[in-house]
Amino acid sequence: MLSTARTTIEFLVHHSTDKPPKIGLNFHILEASQVAYTLLSDKQTWLLILKVLFSFLHTQYAHFLDQELFFIRMGVVIMGVSGAGKSTIGEMLAKAVNCSFLDADDFHPQSNKEKMHKGIPLSDEDRIPWLNLLRDALRACLVSRKTMILGCSALQKRYREILRSADPNYVPGSYFCVIKFVLLDAGAEVLAARLQERAEEGNHFMPAKLLQSQIDLLQIDESEGIVKVDATASPLVIVDTIKALFFDIYSHR
Ligand SMILES: Nc1ncnc2c1ncn2[C@@H]1O[C@H](COP(=O)(O)OP(=O)(O)OP(=O)(O)O)[C@@H](O)[C@H]1O
Ligand SMILES: O=C(O)[C@H](O)[C@@H](O)[C@H](O)[C@H](O)CO
């Protein structure tokens, strides 16, 4: 997080006396605002600083910035193990912020779904081509300047690196990326109960017995700066939390 903060500040200082590059400026404002958010406990001050930053950049670089650049162009991946609420929250969030939602489950080949249905966890061989498809879908959105919400387990760091590579400017291992991750975090008991209930309804291919394999595979590296959200809160509260973290600042332009 600290190295991200330093790079961001260096970037802003450097470009405050220079013509900003069109591509990436929006993203660096986003990064700077997120860093400031984590450092400042007083959120009102944070909002004020942000407003000043936006108006400064706008006056300073008005001729370089087309209006569009002030809109976010990013991918937010709602991640976590089975039952965490990726589809539920992702869909609600996309509606709340008026952007498209993709469910990674819809990208699995039938063979993957059948394997999971039989209670066999996927292997890397099963997941990599699927992640590559998701990366391509994310990239298509970014290049057409659209923001997208993706619901995807993204359990391992190397899987998330594939998704991050949708950002054409991404330097592998830097975690400085327009693809953001939000981990829906909940204990095994809550998740097992949800999956049991869902299985009884009988309209999902994923059996509850695969939950432990997913929990075992989940790997989070602190340096990735992944936002963790309490997935046991109500869906509305979760959506509002994510919205406030990634989206609401832009309505204060
Ligand atoms: N915050 C929540 N509070 C209570 N129930 C929830 C919450 N989020 C999701 N659920 C319920 O839990 C079940 C699993 O949710 P959902 O299908 O969204 O999870 P998922 O992470 O997409 O799962 P999978 O990866 O297996 O597809 C659903 O029945 C859903 O209604
Ligand atoms: O990485 C994986 O093993 C898969 O993404 C699974 O997480 C399922 O797709 C999902 O949980 C079922 O909906």
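No hydrogens, no waters, no symmetry mates; every other heavy atom, side chains included, goes into these values. Atoms within each ligand, like the ligands themselves, are counted from 1 in listed order.
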Could you tell me if any non-hydrogen atom of [X] lies under 4.0 Å from any atom of ligand 1?
X: Gln214; answer: no
X: Thr232; answer: no
X: Pro235; answer: yes
X: Ala231; answer: yes
X: Ser153; answer: no
X: Ala233; answer: yes

What atoms of ligand 2 come within less than 4.0 Å of a heavy atom belonging to [X]?
X: Met116; value: 6 (C), 8 (C), 9 (O)
X: Ser82; value: 11 (O)
X: Asp105; value: 8 (C), 9 (O), 10 (C), 12 (C), 13 (O)
X: Met206; value: 11 (O), 12 (C)
X: His204; value: 12 (C), 13 (O)

Which option, [options], owns the non-hydrogen atom nearest [atom]?
atom: atom 3 (N) of ligand 1; options: Glu91, Arg198, Met92, Arg194; answer: Arg194
atom: atom 4 (C) of ligand 2; options: Pro207, Ala104, Ser153, Cys152; answer: Ser153
atom: atom 25 (O) of ligand 1; options: Lys86, Met79, Met116; answer: Lys86

Taking Tyr175 for its side chain and Ile226 for its backbone only, find out whether a donor-acceptor pair lies under 3.5 Å.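 Here the side-chain-to-backbone pair does not exist.
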Do the side chain of Lys180 and the main chain of Cys177 share a donor and acceptor less than 3.5 angstrom apart? yes
Quick check: Arg198 and ligand 2, any N/O pair under 3.5 Å apart?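 There is no such contact.
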So is there a nitrogen or oxygen of Arg127 less than 3.5 Å from a nitrogen or oxygen in ligand 2?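 The answer is yes, given that Arg127 and ligand 2 share an N or O pair closer than 3.5 Å.
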Under 3.5 Å, N or O to N or O, is [X] touching ligand 1 that way?
X: Leu195; result: no
X: Gly83; result: yes
X: Asp105; result: yes

Inspect the contact between Arg164 and Glu224 and indicate whether a charged nitrogen and a carboxylate oxygen are less than 4.0 angstrom apart.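 Answer for the salt bridge query: yes.
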Quick test of your reading of the model: are Glu161 and Arg158 salt-bridged, counting only N-O distances below 4.0 Å?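 Judged by the 4.0 Å cut-off on N to carboxylate O distance, Glu161 and Arg158 do not form a salt bridge.
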Inspect the surroundings of NZ in Lys113 and state if more than 12 heavy atoms from other residues, nucleotides or ligands are less than 6.0 Å away.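 Counting other residues, nucleotides and ligands, NZ of Lys113 exceeds 12 neighbours.
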Would you indicate whether Glu197, at its atom CD, is surrounded by more than 12 heavy atoms from other residues, nucleotides or ligands within a distance under 6.0 Å?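 At most 12 heavy atoms, drawn from other residues, nucleotides or ligands, come within 6.0 Å of this atom.
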Quiz: residues 89-111 side-chain donor-acceptor pairs under 3.5 angstrom, not counting sequence neighbours:
{"unit_1": "Asp103", "atom_1": "OD1", "unit_2": "Asp105", "atom_2": "N", "d": "3.1"}
{"unit_1": "Asp103", "atom_1": "OD2", "unit_2": "Ser87", "atom_2": "OG", "d": "2.8"}
{"unit_1": "His108", "atom_1": "ND1", "unit_2": "Asn112", "atom_2": "ND2", "d": "3.2"}
{"unit_1": "His108", "atom_1": "ND1", "unit_2": "Trp130", "atom_2": "NE1", "d": "3.4"}

For atom 19 (O) of ligand 1, the protein heavy atom that lies nearest, with its residue and separation: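 Checking every protein heavy atom, the shortest distance to atom 19 (O) of ligand 1 gives Gly85 N, 3.1 Å.
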